[in-house]
**Q** 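Quick one: the structure is below, and I'll ask about it shortly.
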Amino acid sequence: MNRYSLNQATTKYWPLQDVVAASAKAELSWIGLWREPIQEYGVDKAARLVSDAGLKVSSLCRGGFFTSTDPAERKAKIEDNRRAIDEAATIGTSVLVLVSGGLPPGSRDLDGARSMVRDGLAELAPYASERGVKLAVEPLHPMFCSDRCVVSSLSGALDLAEQFPASQVGVIVDAYHLWWDSAVYRQIERAGERILSYQVSDWVVPLPEDTLLGRGMMGDGSIELRRLREACDAAGYDGPIEVEIFNQKLWDAPGQQVFDLALARYREHVI
């Protein structure tokens, strides 16, 4: 259990101070944070809250969204990512999760969009390294390729990451997004030291109309979560394992109830 981390997106409407208090009471070591809630709470104040509770931050979500054909918009995105790097350093995490962004409006140039992601990494990697932060490229399921993330496989994420030192750019292994891929275990082995997080939820059907909210609680779906965890372990990853679930029914449930269920399911299906 010393690797368990509740990503606060799992209990979206639960106040930050309550998530931190519950994690500390359960004698957990880690918590995963999101930019918007900590900005609302105050980044420096959030850093103190987490530290005073004896917790460490497994990752900060999220930066990225590099894909735009408007030079001014791309410049603004780079500046926002610099702020995200600064926030990660302030709250004491070395992992900033990046979602690349989808195709620019009206574009069908997938290769061009992926080149924008590479260019964004190239501009930000030295800045992040100076602040002790690694950029973690997260591939999303192909159903999100057009509107959210043009990086749709672990192999594609590694193709980008390997253009930079492992000390600067790595990847996220998110079970929900990668479980379907017949090459995923080979790619996890390839990733090795570049794995910066293993994130868990489950694939349940039918998917909701808003597919972004389709993640299920561990054990409710189709994913071999323990097998994926063992593959990450074998590749050398021994860091935090984040429970990250976007699900409206869970968000609407009492935070402590979801917190307790996630802990129980993690014990049953992941470790």
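The structure displayed is predicted, hence computed values, not measured ones.
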**Q** Can you give me the closest heavy-atom contact between Pro240 and Ser5, atom names plus distance?
**A**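 So the two residues come closest at CB-CB, 4.4 Å.
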**Q** Find out whether the Lys NZ or Arg CZ of Arg227 is both under 6.0 angstrom from the six-membered ring centre of Tyr185 and within 45° of the ring's axis.
**A**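 Yes - Arg227 lies over the ring of Tyr185, closer than 6.0 Å to its centre and within 45° of its axis.
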**Q** So does Arg82 pair up with Glu123, basic N to acidic O under 4.0 Å?
**A**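 Salt bridge: yes.
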**Q** Ignoring hydrogens and geometry, is there a side-chain-to-backbone donor-acceptor pair from Ser23 to Leu28 under 3.5 Å?
**A**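 Not at all, since once roles are kept as given, no pair shorter than 3.5 Å links the two residues.
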**Q** Inspect the surroundings of CG in Asp238 and state if more than 12 heavy atoms from other residues, nucleotides or ligands are less than 6.0 Å away.
**A**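 Atom CG in Asp238 is not packed in, count stays at 12 or less.
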**Q** Return the orientation label for the Trp203 and Trp179 ring planes: parallel under 30°, perpendicular over 60°, tilted otherwise.
**A**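 The rings of Trp203 and Trp179 sit tilted, inter-plane angle from 30° to 60°.
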**Q** Return yes if a side-chain donor-acceptor contact under 3.5 Å exists between Glu244 and Ser201, otherwise no.
**A**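 Side chains of Glu244 and Ser201: no pair found under 3.5 Å.
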**Q** Should the pair Asp70-Lys77 be classified as a salt bridge under the 4.0 Å nitrogen-to-oxygen rule?
**A**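 No.
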**Q** Which residues pass the ring pair (Phe, Tyr, Trp, His ring centres under 6.0 Å) test with Tyr266, sequence neighbours left out?
**A**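 Per chain and number, Tyr266 pairs via ring pair (Phe, Tyr, Trp, His ring centres under 6.0 Å) with Tyr4.
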**Q** Mind listing the closest non-hydrogen atom pair of Ile271 and Met1 along with its distance?
**A**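 Closest heavy-atom pair between Ile271 and Met1: CD1-SD, 4.0 Å.
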**Q** Is any side-chain heavy atom of Asn7 closer than 4.5 Å to one of Cys61?
**A**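 Yes, at least one pair of side-chain atoms sits under 4.5 Å.
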**Q** Heavy atoms only: give me the nearest Gly101-Thr67 pair and the separation to one decimal.
**A**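 For Gly101 versus Thr67, the nearest heavy atoms are C-OG1, 3.4 Å.
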**Q** Give the cluster check for Val57 versus Val243: same hydrophobic cluster or not, with ILVMFWY residues linked at side-chain heavy-atom distances below 4.5 Å.
**A**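 Linked, Val57 and Val243 end up in one cluster.
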**Q** Can a salt bridge be assigned to the pair Arg83 and Asp80 using a cut-off of 4.0 Å between side-chain N and carboxylate O?
**A**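 Yes, Arg83 and Asp80 are salt-bridged.
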**Q** State whether the number of non-hydrogen atoms from other residues, nucleotides or ligands found under 6.0 Å of Glu79 atom CD is greater than 12.
**A**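 Yes - once you tally the heavy atoms of other residues, nucleotides and ligands closer than 6.0 Å, there are more than 12.
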**Q** Does a donor on one side chain sit under 3.5 Å from an acceptor on the other, for Ser58 and Glu242?
**A**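 Distance-only check passes for Ser58 and Glu242.
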**Q** Could you state whether Ile223 and Phe144 fall into the same hydrophobic cluster, counting links through intermediate Ile, Leu, Val, Met, Phe, Trp or Tyr residues with side-chain heavy atoms under 4.5 angstrom apart?
**A**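 Yes, same cluster.
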**Q** Contact between Val173 and Val184 at the side-chain level, heavy atoms closer than 4.5 Å - yes or no?
**A**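 No, too far: nothing below the 4.5 Å cut-off.
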**Q** I'd like to check His177 versus Cys149 (side-chain heavy atoms, cut-off strictly below 4.5 Å). Are they in contact?
**A**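 Heavy-atom side-chain distance check fails, nothing below 4.5 Å.
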**Q** Has Glu193 got more than 12 heavy atoms of other residues, nucleotides or ligands less than 6.0 Å from its CD?
**A**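 Incorrect, the count does not exceed 12.
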**Q** Answer whether the closest heavy-atom distance between the side chains of Pro139 and Leu178 falls below 4.5 Å.
**A**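 Sidechains of Leu178 and Pro139: in contact.
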**Q** For side-chain contact (heavy atoms from CB on, under 4.5 Å), just list the numbers for Met217 and Asp220, CA-CA rounded to whole Å, side-chain angles, deciding distance to a tenth of an Å, and then say yes or no.
**A** CA-CA 6 Å; Met217 181 62 70; Asp220 286 348; 3.6 Å; yes
**Q** For a side chain to side chain donor-acceptor pair (under 3.5 Å) with Arg215, tell me which candidate from Asn247, Thr10, Asp174 qualifies.
**A**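 Answer to the side chain to side chain donor-acceptor pair (under 3.5 Å) test with Arg215 among Asn247, Thr10, Asp174: Asp174.
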**Q** Kindly indicate whether a cation-pi arrangement holds for Arg229 with Tyr198, taking the cut-offs as under 6.0 Å to the six-membered ring centre and within 45° of the axis.
**A**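 That pair does not qualify as a cation-pi contact.
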**Q** Are more than 12 heavy atoms, taken from residues, nucleotides or ligands other than Glu130, located less than 6.0 Å from that residue's CD atom?
**A**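 Enclosed.
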**Q** Mark yes or no for whether Asp202, through its side chain, and Gly219, through its backbone, hold a donor-acceptor pair below 3.5 Å.
**A**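 Yes: the side chain of Asp202 pairs with the backbone of Gly219.
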**Q** Can you check whether Val50 reaches Leu33 side chain to side chain, under 4.5 Å on heavy atoms?
**A**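 Side-chain contact under 4.5 Å: yes.
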**Q** Any donor and acceptor pair, going by atom type alone, linking the side chain of Ser129 with main-chain N or O of Ala125 inside 3.5 Å?
**A**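 No, because the side chain of Ser129 does not come within donor-acceptor range (under 3.5 Å) of the backbone of Ala125.
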**Q** Minimum heavy-atom separation for Val258 and Ala253, please, with both atom names.
**A**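 For Val258 versus Ala253, the nearest heavy atoms are CG2-CB, 3.8 Å.
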**Q** Decide if atom CD of Glu189 counts as having more than 12 heavy atoms of other residues, nucleotides or ligands within a radius under 6.0 Å.
**A**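 Atom CD in Glu189 is not crowded, with 12 or fewer foreign heavy atoms closer than 6.0 Å.
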**Q** Using side-chain heavy atoms (C-beta onward) and a distance below 4.5 Å, is Val117 in contact with Leu160?
**A**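 Side-chain contact under 4.5 Å: yes.
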**Q** Above 12 or not: heavy atoms from other molecules or residues under 6.0 Å from CZ of Arg226?
**A**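 For Arg226, atom CZ is crowded (more than 12 foreign heavy atoms under 6.0 Å).
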**Q** Determine whether a donor-acceptor pair (N or O, by modelled atom type, separation under 3.5 Å) exists between the side chain of Gln163 and the backbone of Asp159.
**A**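 Yes: the side chain of Gln163 pairs with the backbone of Asp159.
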**Q** Could you tell me if the side chain of Leu98 sits less than 4.5 Å from the side chain of Phe66, heavy atoms only?
**A**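 In contact.
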**Q** Counting only heavy atoms not in Glu40, do more than 12 fall under 6.0 Å of its CD?
**A**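 Open: at most 12 neighbouring heavy atoms sit under 6.0 Å from CD of Glu40.
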**Q** Would you say Leu60 and Ile91 make side-chain contact, with heavy atoms under 4.5 Å?
**A**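 Result yes, sub-4.5 Å side-chain heavy-atom pair found.
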**Q** Please check this pair: side chain of Arg62 against backbone of Leu96, looking for a donor-acceptor N/O pair closer than 3.5 Å.
**A**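 Here the side-chain-to-backbone pair does not exist.
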**Q** Could you walk me through whether Glu268 and Met218 pass side-chain contact (heavy atoms from CB on, under 4.5 Å), step by step?
**A** CA-CA 9 Å; Glu268 183 179 357; Met218 295 83 70; over 6 Å; no
**Q** Applying side-chain contact (heavy atoms from CB on, under 4.5 Å) to Phe246 and Tyr176, what does each step give before you reach the verdict?
**A** CA-CA 11 Å; Phe246 302 159; Tyr176 181 79; over 6 Å; no
**Q** Quick check on the hydrophobic clustering: are Val43 and Ile85 connected, directly or via other members, by side-chain heavy-atom contacts under 4.5 Å?
**A**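 Result: yes, single cluster for both.
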**Q** Of the non-hydrogen atoms in Thr11 and Gly255, which two are nearest, and what is the gap between them?
**A**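 Scanning both residues, the minimum pair turns out to be CG2-O, 4.0 Å.
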**Q** Under a 4.5 Å side-chain heavy-atom rule over Ile, Leu, Val, Met, Phe, Trp and Tyr, are Phe164 and Val150 clustered together?
**A**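 Yes; tracing contacts between hydrophobic side chains, which count when under 4.5 Å, links both residues.
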**Q** Not counting sequence neighbours, which residues clear side-chain hydrogen bond (donor to acceptor under 3.5 Å, both in side chains) with Asp44? List them please.
**A**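 If we apply the side-chain hydrogen bond (donor to acceptor under 3.5 Å, both in side chains) test to Asp44, skipping adjacent residues, there are no hits.
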**Q** Within the distance-only criterion (no hydrogens, no angle test), does the side chain of Arg118 pair as donor or acceptor with the backbone N or O of Arg114 below 3.5 angstrom?
**A**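 Not at all, since once roles are kept as given, no pair shorter than 3.5 Å links the two residues.
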**Q** Grab the two heavy atoms, one from Tyr237 and one from Leu196, that are nearest each other, plus how far apart they are.
**A**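 For Tyr237 and Leu196, the tightest heavy-atom pair comes out as OH-O, 3.6 Å.
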**Q** Run Arg3 and Asp233 through side-chain contact (heavy atoms from CB on, under 4.5 Å) and show every step you take.
**A** CA-CA 12 Å; Arg3 298 176 68 184; Asp233 291 354; 2.9 Å; yes
**Q** With no hydrogens and no angle check, is any side-chain donor or acceptor of Ser115 less than 3.5 Å from a backbone partner on Asp111?
**A**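 Here the side-chain-to-backbone pair exists.
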**Q** Side-chain heavy atoms under 4.5 angstrom apart, residues restricted to Ile, Leu, Val, Met, Phe, Trp, Tyr: same cluster for Met143 and Val204?
**A**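 No; Val204 is not reachable from Met143 via cluster members.
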**Q** Between the side chains of Trp30 and Asn2, does any donor sit under 3.5 Å from an acceptor?
**A**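 The answer is no; no qualifying pair exists.
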